[in-house]
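What follows is a single structure, written as structure tokens, with notes after it.
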Amino acid sequence: MSAVKTLPYLLMERASNHRDEVALRHKHLGIWNEITWGDYLKNVELLTISLSEKYGFKHDEKLAIIGENRPQWLYSYMATQSLGGIPVGIYQESLSEQIVFYLNDCQARIVVVEDQEQVEKLLEIEDQIPLVEYIIFYNKQGMRHYKHPKLVDFDDVLIEGISLIDKDPKFFRERTERLLGDDYAVIAYSAAASGDPKGVILTHENLMEASKSLLLVDNMEPKDDYFSFLPLSWIHEQVVSIVIPLTAGIVINYPEKPHTVIGDMREIGPHTLLAPPRVYQTIMSNFTIRMEGASWFKRKVYQTFKKYGDIMAHAKLNKQEVSFKEKVMYKLGDLLIFSAIRDHFGFARIKRAYIAGATLQSEAFNFFHGIGVNLKQTYGGTELAGIAFVQKDDDINVESTGVPLPGTEVRVGDDGSIFVKNSAIFAKYLHEEDNKSMIDGWITLGDCGRLGIDGHLYILDRQEDIITEQNGKHIYPRIIENKLKTSPYIQEAVCFGKEKPYMTAIVNIDLSSVGRWADKQRIVYTEYSDLARNPQVVEFIEQQVTEIMGQIPAYARVKKFSILHKQFTADDGELTRTLKVRRKFIEEKYQMLIAGMYSDSSKVTMAGSEIESIEEISLQVIQLNIKQEVA
């Protein structure tokens, strides 16, 4: 029998020792509701026995979960594992055809969903998911008149468990003690930045090793608060908000709704945060624009102390000393300005803010460290059970993705491919044909980079996206894209140029910041498309891009770009659910626009079928002024 404990066993152990301590908080109707470890375990016990005895759930079966971050998500996850089953998280914003793929791919018979919206999706595709027998919902709002035979109220499942557990009080413990550390614990689907999603199977031991390694670098204290707002389907989020609490005792806090995240986070003031780059970029951009619109006095005070914040950030990030005067002025600035800014963001008590999913550009690093936020880049993936590299508090390098976690090995191939090995690496893919990517325990996630003499890993780009010029020089589109996103007015940028004479880009403007600028210019618009195609806005963004391109070597500069009429979204397939750009998809979807940027045309007319609209839309191709470009 494996000596490694399992997640349900850890839950039972923690609830036994800390029964009345708070495990979870969730906001409902404006009120934070607390759930103790004892309550957490009790709900899992009831759900476990009911799933087994009433719904015939068996060992090795899969149970799918679709919904926002809620306690019921965790109860379903842990109850499934307690029976030796495998939970499968599905992103709650998935489209119907995506849900069909996931449910049929993992062959789930029972699906736990949040609300009416998810129920409607499943009922609409019922004939396409023949294996699904039960749809268990846990938000009753709007569900009163639904009488479908497959629908089951989550609360009714728990109530059924009460009488069952009274008859067999040892059921949960006996089932849990049969589990082994190398039993399959979860199927997590890869983000699918390129290609179809792959089902990644991880064991209890994989998840606990990932948790243990991260805690060796960043110690999290019992009762520390963590704010969980990223989809629980994402393995990074599962490790931090499900596994780490079982071992470290941190408290998980769930926002009321996606649109209340900022306000709810401010109320909690978490000690730890995990978010993709776009979240931090948006926070910085919104703050920058608001400061531009602030009174003269506020701007003057901020600029006075910002200088010292920049000095302290530069010193910390480059391991340099600062003068006594600079320390004093920064302390004064922190007292008067920076602490208030942190509090406004919800970072009043923050110990660490992780960046996951992609690389954040250096300007954002300097901004957050300047106001006293310990922002840290990470690197990992679904196959690595989340984070495998992280920057240490006293060793942050804005260009790197951090150093390997304890027990993690890394090597770089002759072509720059990064290979990783550790005890958190997944057991196997769901489908045998995908398993060829692991060789002798080493896995590559498809990224290219280098290892520095400082031990840090430096990611350059995806292997397939690197462009090699005729003179042998390499162009890394992701570096150019990150540079473009240093402008608070550019939310997203995707660069192209493989086997082309020059670099081009499709740009998304930031609706909030460009909208504020447009208001000042008295530009009238009704929606994103109007703003993105307004001649004054186009000229303004051209100035932004021109200035940024002046900081990039001539051979790698974008020569032409176009502002897209719409924002990239996961619903339209341009982004993954973790907000990574799907470059190949964008390249295929907007091939007419890209072709137009390599022609003499100054405009490209997008047909209705290409833009999911019955109307045609003309987009301008902007060619950067050569004199401005080299200035």
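Starting from 1, each residue takes its place in the sequence as its number.
A donor-acceptor pair is defined here as one N or O able to donate and one able to accept, closer than 3.5 Å; such a pair exists between the side chain of Asn206 and the backbone of Ser423. Asn219 contributes no side-chain N or O that, together with a main-chain N or O of Val217, makes up a donor-acceptor pair within less than 3.5 Å. For Thr80 (side chain) and Leu63 (main-chain N/O), no donor-acceptor pair under 3.5 Å exists by modelled atom type. A distance-only check finds no donor-acceptor pair linking the side chain of Ser211 to the backbone of Leu207 [under 3.5 Å]. Side-chain atoms of Ser50 come within 3.5 Å of backbone atoms of Val157 as a donor-acceptor pair (strictly under, hydrogens ignored). For Gln118 (side chain) and Ile66 (main-chain N/O), no donor-acceptor pair under 3.5 Å exists by modelled atom type. The backbone N or O of Leu7 sits less than 3.5 Å from a side-chain atom of His204, completing a donor-acceptor pair. Checking side-chain atoms of Ser213 against main-chain N and O of Leu405 turns up no donor-acceptor pair under 3.5 Å. Formation of a donor-acceptor pair under 3.5 Å by the Ser233 side chain with backbone atoms of Ile90 is found in this model. Counting only distance, with no hydrogens or angles, the side chain of Glu61 and the backbone of Ile86 share no donor-acceptor pair below 3.5 Å.
Between Phe305 and Phe338, the distance separating the two ring centers is not shorter than 6.0 angstrom.
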* Start with the C-alpha distance between Leu95 and Asp571, add both sets of side-chain angles, then the distance that settles side-chain contact (heavy atoms from CB on, under 4.5 Å), and finish with yes or no. => CA-CA 7 Å; Leu95 303 177; Asp571 283 350; 3.9 Å; yes
Using side chain to side chain donor-acceptor pair (under 3.5 Å), reason through Asp183 and His59 one step at a time and then give a plain yes or no. CA-CA 10 Å; Asp183 281 346; His59 192 278; 4.5 Å; no
Stepwise, does the side chain to side chain donor-acceptor pair (under 3.5 Å) test hold for Ser241 with Glu237?
CA-CA 6 Å; Ser241 68; Glu237 185 65 31; 3.3 Å; yes
**Study point:** Check against side-chain contact (heavy atoms from CB on, under 4.5 Å), Asp224 and Val251
**Key:** CA-CA 6 Å; Asp224 272 6; Val251 180; over 6 Å; no
**Message:** As a quick check of understanding, evaluate side chain to side chain donor-acceptor pair (under 3.5 Å) for Thr36 and Asp39, giving each step before the final call.
**Reply:** CA-CA 5 Å; Thr36 65; Asp39 296 331; 3.0 Å; yes
*Take Tyr134 and Phe57 through the side-chain contact (heavy atoms from CB on, under 4.5 Å) test and state the conclusion after the steps.*
CA-CA 11 Å; Tyr134 298 104; Phe57 192 81; over 6 Å; no
Next on the checklist: Could you go through Leu375 and Phe367, starting from their C-alpha distance and side-chain angles, then the distance that decides it, and tell me whether this counts as side-chain contact (heavy atoms from CB on, under 4.5 Å)?
Outcome noted: CA-CA 10 Å; Leu375 193 65; Phe367 169 78; over 6 Å; no
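Summarising the local packing, NZ of Lys54 is surrounded by 12 or fewer heavy atoms from other residues, nucleotides or ligands at distances under 6.0 Å. Within 6.0 Å of NZ on Lys351 lie more than 12 heavy atoms contributed by other residues, nucleotides or ligands. Within 6.0 Å of CZ on Arg349 lie more than 12 heavy atoms contributed by other residues, nucleotides or ligands.
Looking only at side-chain heavy atoms (C-beta outward), Phe227 and Val261 come within less than 4.5 Å of each other. Here the side chains of Val410 and Phe389 are in contact, with some heavy-atom distance below 4.5 Å. Between Glu383 and Tyr429 the shortest side-chain heavy-atom distance falls below 4.5 Å. For the pair Tyr77 and Gln238, the minimum side-chain heavy-atom distance is below 4.5 Å. A heavy-atom distance below 4.5 Å is found between the side chains of Leu384 and Ile425. By the 4.5 Å heavy-atom criterion applied to side chains, Phe368 and Ile283 are counted as neighbours. Using a 4.5 Å heavy-atom cutoff, the side chains of Met12 and Phe172 are in contact. You'll find the side chain of Trp73 stays beyond 4.5 Å of the side chain of Val112, heavy atoms only.
A tilted orientation is assigned to the rings of Tyr75 and Tyr40, their planes being inclined by 30° to 60°.
Using a cut-off of 4.0 Å between Lys/Arg side-chain N and Asp/Glu carboxylate O, Glu267 and Lys27 are scored as salt-bridged. A salt bridge links Asp218 with Lys376: the distance from a Lys NZ or Arg NE/NH1/NH2 to an Asp or Glu carboxylate oxygen falls below 4.0 Å. A salt bridge is absent between Glu174 and Arg178: the closest approach of a Lys/Arg side-chain nitrogen to an acidic carboxylate oxygen does not fall below 4.0 angstrom.
Tyr146 is linked by a ring pair (Phe, Tyr, Trp, His ring centres under 6.0 Å) to nothing, counting only residues two or more places apart in sequence or in another chain. By the ring pair (Phe, Tyr, Trp, His ring centres under 6.0 Å) test, Tyr254 pairs with no residue at all, sequence neighbours left out. Tyr9 pairs by the ring pair (Phe, Tyr, Trp, His ring centres under 6.0 Å) definition with nothing, not counting sequence neighbours. Not counting sequence neighbours, Tyr330 has no partner by the side-chain hydrogen bond (donor to acceptor under 3.5 Å, both in side chains) test.
Note: Glu205 CD to Lys5 NZ = 13.5 Å, rounded to the nearest 0.5 Å. For the atom pair CD (Glu160) and CD1 (Ile165), the distance works out to 13.5 Å, reported to the nearest 0.5 Å. Atom CD1 in Ile459 sits 8.5 Å away from atom CG in Leu445 (nearest 0.5 Å). Here the CZ atom belonging to Arg109 is positioned 13.5 Å from the CG atom belonging to Leu103, to the nearest 0.5 angstrom. The structure places CG of Asn397 at 11.0 Å from CG of Leu457, a figure rounded to the nearest 0.5 Å. To the nearest 0.5 Å, atoms CG (Leu246) and CG (Leu74) are separated by 8.5 Å.
Annotation: cation-pi geometry satisfied between Arg14 and Trp37 (NZ/CZ under 6.0 angstrom from ring centroid, within 45° of ring axis).
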Validation: residues 137-144 side-chain donor-acceptor distances under 3.5 Å, sequence neighbours left out:
unit_1: Asn139; atom_1: OD1; unit_2: Gln141; atom_2: N; d: 3.0
unit_1: Lys140; atom_1: NZ; unit_2: Asp153; atom_2: OD2; d: 3.4
unit_1: Lys140; atom_1: NZ; unit_2: Asp155; atom_2: OD2; d: 3.4

Which side-chain N or O atoms in residues 270-280 pair as donor and acceptor under 3.5 Å with protein atoms at least two apart or in another chain?
unit_1: His271; atom_1: ND1; unit_2: Asp225; atom_2: N; d: 2.8
unit_1: Thr272; atom_1: OG1; unit_2: Arg352; atom_2: NH1; d: 2.8
unit_1: Arg278; atom_1: NH2; unit_2: Glu492; atom_2: OE1; d: 3.0
unit_1: Tyr280; atom_1: OH; unit_2: Tyr354; atom_2: O; d: 2.7

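Between Ala210 and Ala385, the shortest heavy-atom contact is CB-O, 3.5 Å.
No donor-acceptor contact under 3.5 angstrom links the side chains of Asn69 and His26, judged on distance only. Gln92 and Glu68 share a donor-acceptor pair across their side chains, judged by distance under 3.5 Å alone.
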